[in-house]
2 protein chains.
Amino acid sequence: MGEVTIQQVATEAGVSPSTVSNLLNGRNHRMLPETRQRIETAIDKLGYRPNRAARQLRTGRTSTIGLVVPSVGNPFWGALARHIESAALAEGYHVLLCNSERDPRRERDYIDELWADGVHGVVLCSSLPSLEHVMPLVERGLQLVAFDRTSQAGDPASLVSISVDNAVGSQLATQHLTDLGHRRLAYVSGALASVNRKERYRGFVAGLEQAGLDPAEALRAPTGSGADDFGDVEASELGRAAAAELVALDEPPTAIVAINDMCALGVCRGLRDGGLEVGKDVSVVGFDDIVLADLYAPTLTTVRQPMREMAAAAFSQLRSRLDDPGPSQGQSLLFRPELIVRESTAPPP
Amino acid sequence: MGEVTIQQVATEAGVSPSTVSNLLNGRNHRMLPETRQRIETAIDKLGYRPNRAARQLRTGRTSTIGLVVPSVGNPFWGALARHIESAALAEGYHVLLCNSERDPRRERDYIDELWADGVHGVVLCSSLPSLEHVMPLVERGLQLVAFDRTSQAGDPASLVSISVDNAVGSQLATQHLTDLGHRRLAYVSGALASVNRKERYRGFVAGLEQAGLDPAEALRAPTGSGADDFGDVEASELGRAAAAELVALDEPPTAIVAINDMCALGVCRGLRDGGLEVGKDVSVVGFDDIVLADLYAPTLTTVRQPMREMAAAAFSQLRSRLDDPGPSQGQSLLFRPELIVRESTAPPP
DNA sequence: ATGAAAGCGCTAACAC
DNA sequence: GTGTTAGCGCTTTCAT
């Protein structure tokens with residue numbers, strides 16, 4: 001019941017293991033068609049599959065990449081995982097899934113382990129403003145593609161960043177609201193601890209200013225330290241709590257920009273709890289365009305990230321760097337967001 | 001920049017590699033505390049991490065398991081992946097993610113590759129009624145835990161199945177509807193091609209009969225061959241299309257049982273398209289209790305699967321079989337579903 | 001155009 | 001209690 005080895009294939013085909021190996025690795029340009037034929041027959045007959053551990057031990061290469069996301073339980077990250085995996089599969093790569101739960105320590109431990117496993121390429125979806133905790137490995141040759149996080153000053157020089165243009169997206173959303181006539185806007189997000197959150201907020205402020213509104217007067221929720229306590233899975237909880245706060249105000253906002261779709265759905269839920277009708281009493285706009293945005297009642301106006309393309313780019317960047325691990329130039333790919341107008345936004349009542 | 005090897009650690013600590021290995025593998029009961037100390041110091045100093053490829057090549061074991069799901073883009077599978085990964089991580093295992101996209105061929109290819117990678121344990125979320133395509137590997141020693149699919153007659157003897165009691169769950173849902181006074185029910189699902197779909201439908205029928213209704217008179221949607229064309233990601237699309245059909249009927253149903261939550265959300269969407277109000281004109285009940293069920297408007301009545309427990313069970317079953325790969329008895333674990341009543345169900349108008 | 005040989009880093013008998 | 005030794009299956013010079 002032992003596995004078939006390259007040795008057995010060689011014996012069966014009447015050649016040496018190295019010849020089989022040569023064929024396997026595409027070094028068959030000057031191989032006799034007959035030899036080649038014999039080997040292929042033997043492989044088929046024996047059902048031979050190369051042992052990856054052995055191959056990896058020898059070459060130091062793996063065709064496995066790591067994917068670190070906050071949580072695949074969140075539909076947004078789930079969708080990313082699906083697309084990354086699909087792009088990887090098409091090139092014969094496998095994906096090791098890591099849920100950081102937005103815990104920096106877990107994130108670091110994971111990357112350490114991936115490295116120890118021989119995984120030299122990782123798509124990292126980190127909320128952390130600094131990537132210092134992974135620098136040692138990057139210096140040792142770890143290839144990193146940051147997803148949903150634009151490059152920062154202290155980042156490793158070779159870092160590739162794939163992200164939607166968050167500021168533009170948020171500004172688009174905000175502008176849509178002010179165009180509809182809204183003057184009293186609120187912004188809902190957790191603590192602006194991560195790069196992309198900051199950028200999205202910046203877009204919100206820019207949108208306000210463009211409409212001649214004073215950002216200082218815009219509402220923010222949830223207030224207080226509570227904002228820090230919400231992780232990624234609970235984005236909807238956060239939105240719901242924030243909406244409750246907002247509804248209780250003397251002068252509630254007529255429009256709300258949420259940090260992302262899950263949060264926006266929570267906001268909608270909280271608004272309903274407070275007896276308000278979304279898309280009528282209050283407008284809500286999200287960010288991401290997850291599948292559920294178009295399913296919700298009312299359907300959610302949101303900013304779409306071109307996920308499939310972004311995922312494909314993330315993988316192909318990683319792959320090309322894995323193939324040529326020389327010291328390479330870092331770069332940022334910023335994708336263009338698109339405003340998708342649906343039912344959750346309307347002129348103020 | 002080469003990696004630190006066990007040899008270097010040994011040299012540094014002034015011992016032999018085997019002694020280091022012994023410590024690493026917990027064979028340190030009768031080791032001099034001093035030796036142990038020296039080794040640990042050396043490990044820390046050098047930042048040593050064992051090379052898994054080498055270890056795997058030597059022992060034939062991996063601490064990686066495979067997880068094959070239809071698509072992590074679907075929140076239900078995303079949640080499962082998160083929980084499985086979390087259970088695995090707690091025991092030092094890693095999870096290789098595989099999206100089958102409900103393609104039997106992809107499913108098989110994946111499992112073949114996992115096996116070739118030295119992965120001997122797989123949690124398989126297959127919709128397929130037959131597991132014949134993976135039998136050869138099971139016979140070679142592949143440990144398989146089927147998730148969301150109860151054991152079938154032709155299954156491998158050693159198979160472990162983890163599933164919610166689908167029939168009971170569906171019956172609970174149906175009964176809830178008939179208790180509310182509904183007489184004209186519809187069932188929405190794709191083709192009953194998979195084991196769990198069949199079971200859920202059986203529960204629906206049982207619920208009807210228990211209420212003295214004739215299952216033959218119950219509606220089913222979508223009708224026609226269209227039902228086959230929907231995969232997993234598009235469950236919501238299917239629900240929406242089905243609702244459109246149902247709404248167009250002379251006598252539309254007053255209550256709808258959907259195969260799962262994503263489908264139910266699609267149904268709600270379709271109902272709204274048709275101008276009907278969910279939870280008032282029509283009642284809808286789903287299955288799974290994904291996070292969004294409680295976020296939706298109206299909140300969705302559904303049947304909860306105890307995901308975390310089920311995921312933990314799946315992993316621990318797999319693990320124990322991996323640890324003792326002797327020919328083991330197959331078994332089925334059927335978890336108790338729970339009806340969660342929310343706003344989407346009410347007495348008929 | 002093919003083969004022989006060495007060794008990747010680790011573990012597990014078996015010595016001592 | 002610790003060291004010696006012999007590979008696990010594969011790739012890759014270097015010969016031929």
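Reminder, nothing fancy here: chain letters follow the sequence lines and each chain counts from 1. Keep in mind it's a predicted model, so treat the numbers as computed, not measured.
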The contact string for nucleotides 8-16 of chain D, one letter per nucleotide 5' to 3', using protein heavy atoms under 4.0 Å with B, S and - for base, sugar-phosphate only and none, comes out as BBBBB----
Is it true that Arg82(A) and Glu101(B) have a side-chain N and a carboxylate O under 4.0 angstrom from each other? yes
When rounded to the nearest 0.5 Å, the distance separating CG of Leu142(B) from CG of Leu322(B) is 9.0 Å
Identify whether the distance between the nearest side-chain nitrogen and carboxylate oxygen of Glu107(A) and Arg149(A) falls below 4.0 Å.
no
Here the distance between atom P of dT11(C) and atom CZ of Arg61(B), to the nearest Å, is 12 Å
Worksheet entry | Salt bridge present between Arg140(B) and Glu3(A) (N-O < 4.0 angstrom) | yes
task = Please examine the side chains of Gln56(A) and Gln56(B), heavy atoms only from C-beta on, and report whether any two atoms are closer than 4.5 Å.
result = no
note: Glu34(B), atom CD; dT2(D), atom C1'; distance rounded to Å ~ 13 Å
Separation of dC10(C) atom C1' from Gln56(B) atom CD, nearest Å, is 12 Å
**Message:** Within the 3.5 Å criterion, strictly below it, is a donor on Ser151(B) or Ser161(B) matched to an acceptor on the partner's side chain?
**Reply:** yes
Atom CG of Leu23(B) and atom C1' of dT11(C) are separated, to the nearest Å, by 14 Å
